[in-house]
Amino acid sequence: MIFDLSSANEVTVASAHRILLVGFMGAGKSSVGPPLAQALGWRFVDVDDRIEEMEDATVAEIFQRRGEKYFRAVESAVVSEILGKDRVVIATGGGWAAQRGRLAALPSGTVSIWLQVSAAEAIGRVKDQPGRRPLLDTEDPLDEARKLLAVRSMEYAEADAEVDTDGRTLDDVTARVLEILSRSPWNLTTEKA
Ligand code: S3P
């Protein structure tokens, strides 16, 4: 949450220090992150990129060689580390915020945005990007995506705000996120404003 309890009776609004993009695979977190960070004059960090760098392997290779449990442990450590930084836009992998209680436990000053996508559109977007989504490497990826999304949506819905990305361009989605951020209580202004 972005509200700080500064005394027993008084709640003050803390300014936002980081934006956390959450949502399903193919929602556009890694695509929206860079233009968003640029508009804010902040840094962009993609969690999957960071994991692949650290492990010197693709996400799919990590799943295959070490298993999902290992991947989740690295992912958890990477996100915790980045959440300690300021002026950063973070694109999480779709599984991070899907774990219960993660969004409710975010440090103060973190604004979480759920980029929503339907299972059909997600599959359409990721089908030409092998190596990153072993969970969808099944006989029926659409059915798998529907099942995962149904379970995960409850957790994603804990985000501070949501933006539907279905049928929207990258520019539209980025503009919508910026509009949300410009509103009270976050009151974030872009460098260009
Ligand atoms: C995952 C999403 C992927 C990647 C990994 C697991 C998930 O990231 O972290 O394949 O569990 O939803 P994107 O959401 O960027 O595709």
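Computation of the quantities below employed the complete heavy-atom set of this structure, encompassing side-chain atoms and omitting hydrogens, waters and symmetry-equivalent molecules. In each ligand, atom 1 is the first atom listed, and ligand 1 is the first ligand listed.
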For Lys127, enumerate each residue passing the side chain to side chain contact (heavy atoms under 4.5 Å, CB included) test, keeping only those at least two apart in sequence or located in another chain. none
Can you name the residues that form a side chain to side chain contact (heavy atoms under 4.5 Å, CB included) with Ala97, not counting sequence neighbours?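 Counting only residues at least two positions away or on another chain, Ala97 forms a side chain to side chain contact (heavy atoms under 4.5 Å, CB included) with Val22, Leu103, Tyr156.
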On a heavy-atom basis, which atom in Arg132 and which in Val59 lie closest, and how many Å separate them?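 Here Arg132 and Val59 meet closest at O-CG1, 3.5 Å.
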Any pair with a residue in residues 81-104 that passes ring-ring contact (aromatic ring centres under 6.0 Å, His included), sequence neighbours left out, goes on the list, sorted by first then second residue, please.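 Passing the test, one end in residues 81-104: no pairs.
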Spacing of CG belonging to Leu20 relative to CZ belonging to Arg102, to within rounding of 0.5 Å: 10.5 Å
With a 4.0 Å heavy-atom cut-off, what residues sit around ligand 1? Met25, Lys29, Asp48, Val59, Phe71, Arg72, Gly93, Gly94, Gly95, Arg132, Arg133, Pro134, Leu135, Arg152
Do the side chain of Glu61 and the main chain of Thr58 share a donor and acceptor less than 3.5 angstrom apart? yes
